[in-house]
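Let me begin by presenting the structure, written as structure tokens, before commenting on it.
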Amino acid sequence: MTSHDEGAGVGRGAGCGRRESGGGAVGGGGASLRVLGATVDDQTRCVHYRGPLDVVAIRFHCCREFYPCFRCHAEAADHAVSAWPRVEFDAPAVLCGVCRATLTIAEYLRTDGCTACGAAFNPGCSLHHSIYFDG
């Protein structure tokens, strides 16, 4: 596993015109949510961040689509990222790749793991919070 700060970012981290390269539907609780981007498994890991704790996908404010990370969004979408404004932190915008629960942004920012199943999330994702969330 490489460190979070190395070039490709593999092993750590966080998660319109679009390309579904490797993306797919993830289901649970009777619902199916599509995760776009270059996913490598059913737990939302991607080619950029595929360590054991990289199990979230982010619903992007700009297009309301789930991607595993900002790099997947940049490669697949035809627009720039816009961060979620603080007044919308009650939006269900973080998908746990383990149990498929959707957390609000506020819940996600208050915890280091899934509030539904207890799966740990990568603490290195916090380095990218300013890309996804204002404030």
Side-chain angles (χ1 to χ4, degrees):
M1 180 183 325
T2 61
S3 81
H4 183 70
D5 294 324
E6 290 178 4
V10 173
R12 296 186 57 108
C16 79
R18 56 190 78 91
R19 177 173 54 92
E20 285 192 55
S21 108
V26 291
S32 181
L33 298 171
R34 183 172 63 168
V35 177
L36 303 176
T39 58
V40 297
D41 66 18
D42 290 338
Q43 292 189 335
T44 73
R45 291 177 188 90
C46 68
V47 298
H48 309 105
Y49 302 103
R50 56 181 177 255
L53 301 180
D54 295 319
V55 293
V56 299
I58 306 291
R59 185 186 315 259
F60 279 72
H61 181 260
C62 46
C63 56
R64 303 301 201 258
E65 296 283 3
F66 281 104
Y67 288 90
C69 75
F70 67 96
R71 290 182 174 139
C72 285
H73 182 275
E75 291 172 357
D78 64 356
H79 59 271
V81 169
S82 66
W84 284 93
R86 183 174 289 279
V87 297
E88 294 185 50
F89 279 15
D90 60 341
V94 180
L95 176 69
C96 173
V98 175
C99 73
R100 310 313 195 254
T102 306
L103 287 67
T104 67
I105 297 164
E107 288 173 321
Y108 174 71
L109 293 174
R110 283 194 308 263
T111 188
D112 58 0
C114 180
T115 56
C117 73
F121 296 154
N122 190 333
C125 291
S126 65
L127 297 173
H128 304 139
H129 283 176
S130 64
I131 295 170
Y132 307 116
F133 316 117
D134 278 345

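The structure displayed is predicted, hence computed values, not measured ones.
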- Item | Heavy-atom closest pair, residues Ser130 and Ala83 | O-CB, 4.3 Å

- Item | Qualifying ring-ring contact (aromatic ring centres under 6.0 Å, His included) pairs with a residue from residues 86-107, counting only residues at least two apart or across chains | none

- Aromatic centroids of Tyr132 and His73 separated by under 6.0 Å: no

- Okay, side chain of Arg59, backbone of Pro92: is any donor-acceptor separation there less than 3.5 Å? yes

- Item | Any donor-acceptor pair under 3.5 Å from Thr39 side chain to Thr44 backbone | no

- Message: Is any side-chain heavy atom of Cys72 closer than 4.5 Å to one of His48?
- Response: yes

- With a 4.0 Å cut-off, would you call Glu88 and Arg64 a salt bridge? yes

- Can you tell me how far CD of Glu107 sits from OG1 of Thr102, rounded to the nearest 0.5 angstrom? 10.0 Å

- Message: Tell me the closest heavy-atom pair linking Tyr67 and Ala77, and the distance in Å.
- Response: OH-CB, 4.0 Å

- Message: Can you tell me how far apart SG (Cys125) and CG (Leu109) are? Round to the nearest 0.5 Å.
- Response: 11.5 Å

- To the nearest 0.5 Å, what is the distance between OG (Ser126) and CZ (Phe133)? 11.0 Å

- Task: Ignoring hydrogens and angles, tell me if any N or O in the side chain of Thr104 forms a donor-acceptor pair with the backbone of Asp90 under 3.5 Å.
- Result: no

- OH-SG distance between Tyr108 and Cys114, expressed to the nearest 0.5 angstrom: 11.5 Å

- Query: CG/Leu36 to SG/Cys63 distance, rounded to the nearest 0.5 angstrom?
  - Reply: 7.5 Å

- So, do Pro68 and Arg50 sit near enough that their side-chain heavy atoms are less than 4.5 Å apart? no

- Taking the side chain from Arg45 and the backbone from Pro52, do they hold a donor-acceptor pair closer than 3.5 Å? yes

- Query: Rounded to the nearest 0.5 Å, how far does CG of Leu95 lie from CZ of Phe66?
  - Reply: 5.0 Å

- Task: List the steps, then state whether side-chain contact (heavy atoms from CB on, under 4.5 Å) holds for Ile105 with His129.
- Result: CA-CA 10 Å; Ile105 297 164; His129 283 176; over 6 Å; no

- Message: The test is side-chain contact (heavy atoms from CB on, under 4.5 Å); show your working for Leu103 and Phe121 and say whether it passes.
- Response: CA-CA 12 Å; Leu103 287 67; Phe121 296 154; 4.2 Å; yes

